[in-house]
Amino acid sequence: MTKKLKVGLIFGGNSSEYEVSIMSAHNIYNAIDTSKFDVYPMWITNDGYLANDEDSRKVLQDPKMTVANPHKVVNISNIIELQDRPEMDVFFPIVHGNLGEDGALQGLFRIMDKPFVGDDVLAAAVTMDKEMTKILAQRAGVKVSKWISIKRPEYDDKDNKKLDYDYVAQELGQDLFVKPSNQGSSVGVNHVLNAEEYKAALEDAFKYDDKVLVEETVHGSEVETAVLGNDKPIVSGAGQITNAKDSFYTYENKYNSDSTSTLQIPADLPEEIIENVRRDALKVYQATECSGMSRIDFMLRQEDNAIILTEVNALPGFTNISMYPKLFEEVGIPYSELITRLINLGIERYNHKKTLLHKHE
Ligand SMILES: Nc1ncnc2c1ncn2[C@@H]1O[C@H](COP(=O)(O)OP(=O)(O)O)[C@@H](O)[C@H]1O
Ligand SMILES: [Mg+2]
């Protein structure tokens with residue numbers, strides 16, 4: 001019998017997606033193939049501490065006991081204690097948002113010389129920033145919505161024309177979305193139709209980031225795809241999200257049971273559209289140098305069926321209602337096999353990098 005691999009399943013953290021992370025980890029913990037892997041839950045608590053194994057396991061067994069959102073915690077430097085777990089064969093970080101999904105944690109794994117699941121440093125960092133993602137996608141020939149970015153010093157300058165609704169409306173139209181460039185789960189995202197709403201939306205978005213994007217609103221439904229792989233990535237079919245009129249895919253609509261958004265897997269769309277979405281998803285995955293996995297989200301513009309990139313999620317949700325695992329289930333890869341593949345991809349990438357290093361010795 002081959003030896004079981006020890007998997008450090010890291011969850012929690014200090015982002016606004018703390019609860020989502022716990023639910024994702026809970027599902028992974030329950031679905032992981034225990035004939036292949038020994039899983040060690042590692043909980044980054046809302047005090048920024050790395051909890052002991054027993055407490056970590058308890059949280060995943062009963063996620064409802066978890067304490068409230070840790071927004072205020074700015075420091076999770078205790079995670080450096082991961083270096084005291086050299087027996088781990090591979091890490092599975094399911095820490096959404098800042099530090100977990102933006103390349104920082106990935107950098108720590110690289111320094112510790114350990115394989116890990118999901119995107120590497122570069123892809124995690126660029127896809128965390130919605131403006132960088134747009135720029136790379138555009139280069140690859142994928143459509144993105146028109147946008148203006150505003151940096152903190154520009155926001156602090158009261159005379160800056162970008163703060164004037166009439167100016168941005170002239171550039172992008174009156175119907176706008178305002179969002180932090182680096183965030184997730186729709187936190188700090190607002191739909192704006194007038195000067196007053198614009199002012200409030202900027203204020204809200206700047207709570208979360210030093211760079212805010214103002215985008216033209218794309219009217220239509222949302223189409224998401226899941227991509228899996230390193231050098232030869234595979235793309236799932238597409239899932240579709242239809243929002244209620246005058247609403248969008250807000251935090252509440254994403255995670256609450258009384259959501260007014262409806263999810264459809266597979267998307268009920270003509271084959272040609274699905275193929276174009278899949279083709280564009282692959283282009284974006286490669287342009288942003290993703291490996292392991294990513295979920296790639298588009299808007300399908302109602303008026304002309306144009307496929308317009310919204311964003312790339314290096315660490316998509318893995319809750320029981322999440323799109324990424326569902327999209328692969330739909331094409332015949334069950335949740336637990338998906339986890340096995342993701343772990344193997346992390347190990348494959350690590351081994352490849354090792355060979356590369358040895359070539360120069
Ligand atoms: N330009 C846009 N046009 C229409 N809807 C948008 C636009 N940008 C964002 N949205 C809506 O806001 C949601 C969240 O925005 P998104 O860019 O995906 O940020 P997050 O990382 O928080 O998910 C989207 O799922 C969509 O419902
Ligand atoms: Mg999104």
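Just so you know, ligand 1 is whichever comes first in the structure, and atom 1 is the first atom listed for that ligand. Just so we're clear, the structure is a prediction, and the values are computed from it rather than from any experiment.
For Asp156, the CG atom sits in a packed shell: over 12 heavy atoms of surrounding residues, nucleotides or ligands are nearer than 6.0 Å. Counting non-hydrogen atoms of neighbouring residues, nucleotides and ligands closer than 6.0 angstrom, the NZ atom of Lys199 reaches no more than 12 such neighbours. The environment of Tyr350 atom OH is dense: over 12 non-hydrogen atoms of other residues, nucleotides or ligands sit within 6.0 angstrom. Under a cut-off of 6.0 angstrom, the local environment of NZ in Lys283 is crowded, with over 12 non-hydrogen atoms contributed by other residues, nucleotides or ligands.
Leu9 and Tyr335 fall within a single hydrophobic cluster, where Ile, Leu, Val, Met, Phe, Trp and Tyr side chains are chained together by heavy-atom contacts under 4.5 Å. Under a hydrophobic-cluster definition in which Ile, Leu, Val, Met, Phe, Trp and Tyr are linked whenever side-chain heavy atoms come within less than 4.5 Å, directly or via other members, Val117 and Ile333 are assigned to the same cluster.
Protein heavy atom at the shortest distance from atom 3 (N) of ligand 1 is Val218 N, 2.8 Å. The closest protein non-hydrogen atom to atom 24 (C) of ligand 1 is Glu222 OE1, 3.5 Å. The protein heavy atom nearest to atom 17 (O) of ligand 1 is Lys179 NZ, 2.7 Å. The closest protein non-hydrogen atom to atom 5 (N) of ligand 1 is Phe177 CE1, 3.2 Å. Here the protein heavy atom with the shortest distance to atom 12 (O) of ligand 1 is Phe248 CD1, 3.2 Å. In terms of protein heavy atoms, atom 18 (O) of ligand 1 is closest to Glu311 OE2, 2.9 Å. The closest protein non-hydrogen atom to atom 21 (O) of ligand 1 is Lys130 NZ, 2.7 Å. For atom 14 (C) of ligand 1, the nearest non-hydrogen atom of the protein is Ser186 OG, 3.3 Å.
Remark: ligand 1 atoms within the under-4.0 Å shell around heavy atoms of Gln183 are 21 (O). Of all atoms in ligand 1, listed by their number and element, those nearer than 4.0 Å to a heavy atom of Glu215 are 1 (N), 2 (C), 7 (C), 8 (N).
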Where do Asp120 and Ser291 land on the side-chain hydrogen bond (donor to acceptor under 3.5 Å, both in side chains) test, with the steps shown first?
CA-CA 7 Å; Asp120 211 335; Ser291 58; 5.4 Å; no
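Separation of atoms OH (Tyr165) and CD (Glu197) is listed at 8.0 Å; rounding is to 0.5 Å. From Glu222, atom CD reaches atom CD1 of Ile308 across 12.0 Å, with rounding to the nearest 0.5 Å.
At a 3.5 angstrom cut-off on N or O pairs, Tyr249 counts as close to ligand 1.
No side-chain donor from either of Glu216 and Trp147 sits under 3.5 Å from a side-chain acceptor of the other.
Between Ser261 and Phe248 the shortest heavy-atom distance is OG-O, 3.9 Å.
The shell of residues lying under 4.0 angstrom from ligand 1, judged by heavy atoms, excludes His191. The shell of residues lying under 4.0 angstrom from ligand 1, judged by heavy atoms, excludes Asp297.
The side chain of Lys254, and not its backbone, has at least one atom closer than 4.0 Å to an atom of ligand 1 (non-hydrogen atoms only; side chain from C-beta on).
Side chain of Ser247 to backbone of Asn243: no donor-acceptor contact under 3.5 angstrom is found. Without hydrogens or angle criteria, Lys134 side chain to Ser145 main chain gives a donor-acceptor distance under 3.5 Å.
With waters left out, the protein N, O or S atoms under 2.8 Å from the Mg ion (ligand 2) add up to 1.
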